[in-house]
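Since the structure comes first, as structure tokens, the remarks are kept for the end.
Quick note: residue numbers are just sequence positions, from 1. Predicted, not measured: the structure shown is a model, and the values here were computed from it.
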Amino acid sequence: MGLFRKKKEEKPEEKQQEMKVYIQGAGGTVVSRSILNGTSRLKWLFRQESEHGNGWVAFGDTDTQEYVDDAKNMTVVDFNTLANLEPAVVNVFYMPVGSDLEFCADQTGTYFVDTKTGREIREPVKHPVQIAFEKNLKFLNQETYPADFFRMLFTDSPTIRVVRAGNADFPTGEVVLADPLAYLGTRYETVLDRRIPAGTYPVELSVCRSRIAGLRIAAARLPVSGKPTVRYEIAMPKGKKREELGKPGVFTFFGVDTGLACFADMEISREYRLFFEAWGKENPGKNKYTDYFRVLFQKSCEEHPEYQNQEGSFLEWKLPERGQRTVLFSSGMGDGVYSGYWGLDAEGETACLVAVFMNPEYF
């Protein structure tokens, strides 16, 4: 076990160079000097609220209360320093504040015991974002959700802000859902079976400020009429009906492979394809995002910094010659498959279209 191995004396800079980094940016950890100098073995590990460092505190098996009460016997080191002495601590790094653990080593291996529950922890504890991401995957693409869920997505709260990202033009009313960098204007875009009246509509975003995932766009909405929405149904692709849902080859979702999505009109989708075909010929070897869209997203971020990440989270884009618009926006936690949902009024007419990327309650 790494904690008990004796090493020859090395210069401090040599030790630093050889330290294995298990977790990037792990932060500072309070450790008793007895552990660091080898006069005690790791025994207790607990996590507390801390404005500085990651909150983890480690005591040795010979540390007395009097010993740890003396500030000179405690020091702050990078968490990886402790992990190099005992790699098992990496398994519990992502456990929450309030965790109180006892380190054990026996013939079965090294592990921690939760002193509050008695549970043995022998496998890595997942990052909170990973746990939320996995729950979110199971949540997405259901046939429908309660109206209250959609209402929550588009109601301002301490964690959600509803932001108008721009306007989208629909000269034909035939709606496309797609990743604009990867699939808009290709056969892989999703054209919806239901049309909307030709016209111009605002695009609203549900911007979620997550404690564990940062700023994310949880959903996007295209309001179509001013009438109240009473129910939602999944948006079917062109030529398919809800009765076919679940049949082989019938998919309701659209794919995202660049972390971006959009609502677009079929005519604008065609014009978008033609524009970038010409752009590609004029700019051989260049990247659509890096060499064209990046600067536009950054400008959008400068104009609305409070609702966007540093690289930009949404953009109202105009066809350079025709001036017709579509809005590009980040898709929740990034790449994946997502579905659109029609919001219907009391008469069953289209009130809005919503693309759902994440359930903010998980994050």
(request) Could you go through the side-chain contact (heavy atoms from CB on, under 4.5 Å) check for Val129 and Met333 one step at a time? (result) CA-CA 10 Å; Val129 171; Met333 295 300 292; 3.6 Å; yes

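- Taking all atoms of both residues into account, the shortest heavy-atom contact from Leu181 to Lys288 is O-NZ, 3.3 Å.
- Atom CD of residue Glu303 and atom CG of residue Leu315 lie 9.5 Å apart, to the nearest 0.5 angstrom.
- A distance-only check finds no donor-acceptor pair linking the side chain of Asn167 to the backbone of Thr200 [under 3.5 Å].
- In this structure, Asp100 contributes its side chain and Thr115 its backbone to no donor-acceptor pair below 3.5 Å.
- Aromatic pair Phe93/Tyr22: centroids not less than 6.0 angstrom apart.
- Take Tyr362 and apply the ring-ring contact (aromatic ring centres under 6.0 Å, His included) test, not counting sequence neighbours, and it matches Phe139.
- Using the six-membered ring where Trp is involved, Phe293 and Tyr272 have ring planes that are parallel, under 30° apart on the 30 and 60° scheme.
- Within the structure, side chain to side chain donor-acceptor pair (under 3.5 Å) pairs that include any residue of residues 220-234 comprise Arg194-Glu233, Glu204-Arg221, Arg231-Glu233, Glu233-Arg242 (at least two apart or interchain).
- Other residues, nucleotides and ligands contribute over 12 non-hydrogen atoms within 6.0 Å of the CD atom of Glu120.
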(request) Before giving the answer on ring-ring contact (aromatic ring centres under 6.0 Å, His included), spell out for Phe263 and Phe329 the whole-Å C-alpha distance, their side-chain angles and the decisive distance to 0.1 Å. (result) CA-CA 9 Å; Phe263 302 124; Phe329 39 84; 5.6 Å; yes

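- Judged by distance alone, with hydrogens and angles left aside, the side-chain atoms of Asn37 form a donor-acceptor pair with the main-chain N or O of Arg33 at under 3.5 Å.
- No donor-acceptor pair closer than 3.5 Å links the side chain of Thr29 to the backbone N or O of Trp56.
- Using cut-offs of 30° and 60° for the angle between ring planes, the Phe254 and Tyr338 rings count as tilted.
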(message) I'd like to know whether Ser339 forms a side chain to side chain donor-acceptor pair (under 3.5 Å) with Asn141, so could you lay out the CA-CA distance, the side-chain angles of the two residues, the decisive distance to 0.1 Å, and finally the verdict.
(response) CA-CA 5 Å; Ser339 294; Asn141 302 306; 2.7 Å; yes

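- Of all the heavy atoms in Leu101 and Asp114, the pair that sits closest is CD2-CA, 3.9 Å.
- Closest heavy-atom contact between Val68 and Asp63: CG1-CB, 3.8 Å.
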(request) Output, in order, the C-alpha distance, side-chain angles, deciding distance and verdict of salt bridge (charged side-chain N to carboxylate O under 4.0 Å, His left out) for Lys281 and Glu277. (result) CA-CA 6 Å; Lys281 292 176 181 178; Glu277 284 178 353; over 6 Å; no

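- Of all heavy-atom pairs spanning Ser269 and Glu189, the tightest one is OG-OE1, 2.6 Å.
- Listed for the Asp78 side chain is no donor-acceptor partner under 3.5 Å among the backbone atoms of Gly28.
- For Phe46 and Phe59, the distance between ring centers is under 6.0 angstrom.
- A donor-acceptor contact shorter than 3.5 Å is absent between the side chain of Ser313 and the backbone of Ser330.
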(message) Before you tell me yes or no, could you show the steps for Lys240 and Asp193 under salt bridge (charged side-chain N to carboxylate O under 4.0 Å, His left out), namely the whole-Å CA-CA distance, both residues' side-chain angles and the distance that decides it to 0.1 Å?
(response) CA-CA 7 Å; Lys240 303 296 181 182; Asp193 189 60; over 6 Å; no

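- Scanning both residues, Phe297 and Leu328, for their nearest heavy atoms gives CZ-CB, 3.9 Å.
- Scored by the ring-ring contact (aromatic ring centres under 6.0 Å, His included) test, Tyr341 finds Tyr145, Phe150 as partners (sequence neighbours excluded).
- Shown here for Arg325 and Ile268, the closest heavy-atom pair between the two residues is O-CD1, 3.5 Å.
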